[in-house]
Amino acid sequence: MRLKIGLECHRFEIYAFSLLAMGVVGYLIHFAIALVIVNKEVTPTRGMLYPRESETREVRSLDGLWNFVTSDEANPTQGVRDKWFSDDLSKVKDVIPMPVPASYNDITTDNTIRDHVGTVWYDRKFFVPKSWAKDQRVWLRFGSVHYEAFVWINGEMVVKHEMGHLPFEAEVTNFVKYGEENRITVMCDNALIQTTVPQGKISEVKKDGGVAIVQTYTFDFFNYAGIHRSVHLYTTPKTFIEEVEVTSDLEDSNSVGHVYYKVKVGGTASNEADSNLQIRVKLRNKESVTVANGTSDGDLKGALEVKNVKPWWPYLMHAEPGYLYQIELFLHTADNTLLDVYRLKVGIRTLTWNNTSFLINGQPVYLRGFGKHEDSDIRGKGLDFALLTRDMNLLKWIGANAYRTSHYPYSEESMQFADENGIMIIDECPSVDTDNYNQALLDKHKSSMEQLIHRDRNHPSVIMWSIANEPRTGPFQADSHFQFVANFTRALDGTRPVTAAIAVPSASDKAAKHLDIICFNRYNGWYSNPGKLDMITTHVVEEAITWNKKHNKPVMIGEYGADTIEGLHLLPAYIWSEEYQNELFSKHFKAFDILRKKEWFIGEFVWNFADFKTAQSITRVGGNKKGVFTRNRQPKATAHLLRKRYFALGRELDRCDLPEDLFLYITDATSTESRGKRETADL
Ligand code: GCB
């Protein structure tokens, strides 16, 4: 548990110390620590391009069934001390099969696995082709492991990584055996403490016949853990394209586009030989026709011009949304030898914002979407292409044009999907309910933003960075914490605005002033005035105006909603029923329409797209039920209502076509004559 391999510093020792500190003189110590928080450098991540095959690269998946064991919760470091990685896990314990990618929690019928706190272990065997031994590098890449991962190959440690939902990789050229069997072992630790992102607490609680290790957290989703996304082995040449950064702009009324690329080369020839290397670039359109090409300057960067460009537009804002070009990068030596080839989809678009609006390609955008979760039964937070595709189909069916990756980065595959479908993404790091500000937390929070931007900077779908969800922004320490994180984010990427979903009322909040766009979460008619449908519209309008007045910035609502049990019907509307969710939404729609007349109100986001699992609690019946879709991705009544609104907005604002089945035929009594007033004679 937050082990320091080698030093074997026991996470519980750290935790026990922090418990003591928080006790007697806790506040004073916390106060003093907070005063000395400084803005430290963050070591930038490297590489991590999405693994893609090309003329010079091969990719192999290590997904499938792995072997799995849990550690003793009271002895989480035992496996490291006893070197479980030095042989097959089956030699130390009885292993069970565990799918990768998937959360391990809901795969078995055993609640000790579902609720396990601390370390678990995975291993499997794999072959590396003999042909990979020659003149190239071999990399091992994890799409994500939650929360902390330690990885060994054939008993040798190759990489460790802290932070869920983000990729990490290591070169394993000298660790794998070519043309022979290899073993990979992964230890994964799900424990969250006050210096992890997100934060949690671990305590010892007396149970029948002993003491239990208990994990608690304030955030409202289940702390699923395991190898959540795909594991790949891939090759690159010795000298290879290590990083690609692409930006774009448009001119001449969006008829001419520019793509700016910047490449970093890794490998033996890099640095001293960079000036002898060249990047040759081709940009192809959807039909694979080359529309621009070029050669880099000495710094391996350059610009491409595209005439008659097809800009990247959001869904329903254009007849051809999500238009993507493909940039092909060829790394050459000065004497013309081809070293490496990497291809990447790019969208050409601009983002601009000011105090009153947010524009894409010069057009004001009104965001209509959701907060989502990566969550489904059995798989938990595991990558699942069927779910991903269903979700994209539902987003399009309902007419949404955006979602926020609440409350952590979603899979790279989902980002690619959003690029292709023109769905705009507010990309959120894993900082949720941020509290008890401290130096380690700030460092990790910034690191999570660095890793996120590094991973997602090339996606046209990403239109904003969200640096946190519902941080406790009342205490004065929040001021400098969020100033550091927001400025850090802007320094890494000045092409997108910075936001955060704030729930602390504007009078006491100390973070929103550091943002470019204000996003507030508020549950009128649910957490405030539950059951009171006549206490929604005015409150929403007034709060949005207050935020805008205070900061003079664009404002959007990041969350509103009501828990709803599918199939529960109560008339008149009563909380938890489908009728109540419908009416609560309708009251919000009214507020949003009042606010839309003010230019600065730029979007509405429902909480939540689908029902999802939470920790067990007396306020959650089988999880959070605020979805407009069930966890199984079927519509509740409100999904149909929301669909009508989202398409009506699309029609009004972006002149989109309406789907034929949006309004079902009821009667022909809607013709003009029959809609006239009832004649006295009829009475
Ligand atoms: C919130 C949180 C979200 C919760 C939601 C709720 O404000 O941001 O994570 O799930 O409220 O339903 O309580």
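Remember, it's 1-based here, ligands and their atoms both numbered in the order they're listed.
In this structure, the protein non-hydrogen atom closest to atom 1 (C) of ligand 1 is E559 OE1, 2.9 Å. Closest to atom 13 (O) of ligand 1, if we only count protein heavy atoms, is Y527 OH, 2.3 Å. Summary of contacts: the protein heavy atom closest to atom 10 (O) of ligand 1 is D220 OD2, 2.5 Å. The closest protein non-hydrogen atom to atom 12 (O) of ligand 1 is K626 NZ, 2.4 Å.
Look at F221 and you'll find every heavy atom at least 4.0 Å from all atoms of ligand 1. In this structure, F219 has no heavy atom closer than 4.0 Å to ligand 1. Heavy-atom separations between K625 and ligand 1 are all 4.0 Å or longer.
Listed by atom number, the atoms of ligand 1 under 4.0 Å from R620 heavy atoms are 6 (C), 12 (O), 13 (O). Set against the non-hydrogen atoms of E470, the atoms of ligand 1 under 4.0 Å away are 1 (C), 2 (C), 7 (O), 8 (O). Each of the atoms 10 (O) of ligand 1 lies under 4.0 Å from some heavy atom of F612. Contact atoms of ligand 1 toward N624: 6 (C), 10 (O), 12 (O) (distance under 4.0 Å to a heavy atom of the residue). With ligand atoms numbered from 1 in the order given, ligand 1 contributes 3 (C), 8 (O), 9 (O) to contacts under 4.0 Å with heavy atoms of H407.
Judged purely by distance below 3.5 Å, without hydrogens or angles, the side chains of D189 and T119 never pair a donor atom with an acceptor atom.
Geometric assessment of R596 against the ring of Y366 yields a positive cation-pi assignment under the 6.0 Å and 45° thresholds.
Checked by distance only, ligand 1 and D563 stay at 3.5 Å or farther apart across all their nitrogen or oxygen atoms.
Between the S103 side chain and the K381 main chain, a donor and an acceptor come within less than 3.5 Å of each other.
Of the inter-residue distances, the one linking W397 atom CH2 with Y646 atom OH reads 12.5 Å to the nearest 0.5 angstrom.
For Y403 and F370, the gap between ring centers reaches or exceeds 6.0 Å.
At a heavy-atom distance under 4.0 Å, only side-chain atoms of W607, from C-beta outward, approach ligand 1.
Taking the charged nitrogens against the carboxylate oxygens, R379 and D384 do have a contact shorter than 4.0 Å, which makes a salt bridge. The pair K613-D377 fails the salt-bridge criterion, with no side-chain N (NZ, NE, NH1 or NH2) lying under 4.0 Å from an Asp/Glu carboxylate O.
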Apply the test salt bridge (Lys or Arg N to Asp or Glu O under 4.0 Å) to residues R496 and D427: give CA-CA distance (whole Å), side-chain angles for both, the deciding distance (0.1 Å), then the verdict. CA-CA 10 Å; R496 296 170 173 97; D427 209 359; over 6 Å; no

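F585 places none of its side-chain heavy atoms less than 4.5 Å from the side chain of R645.
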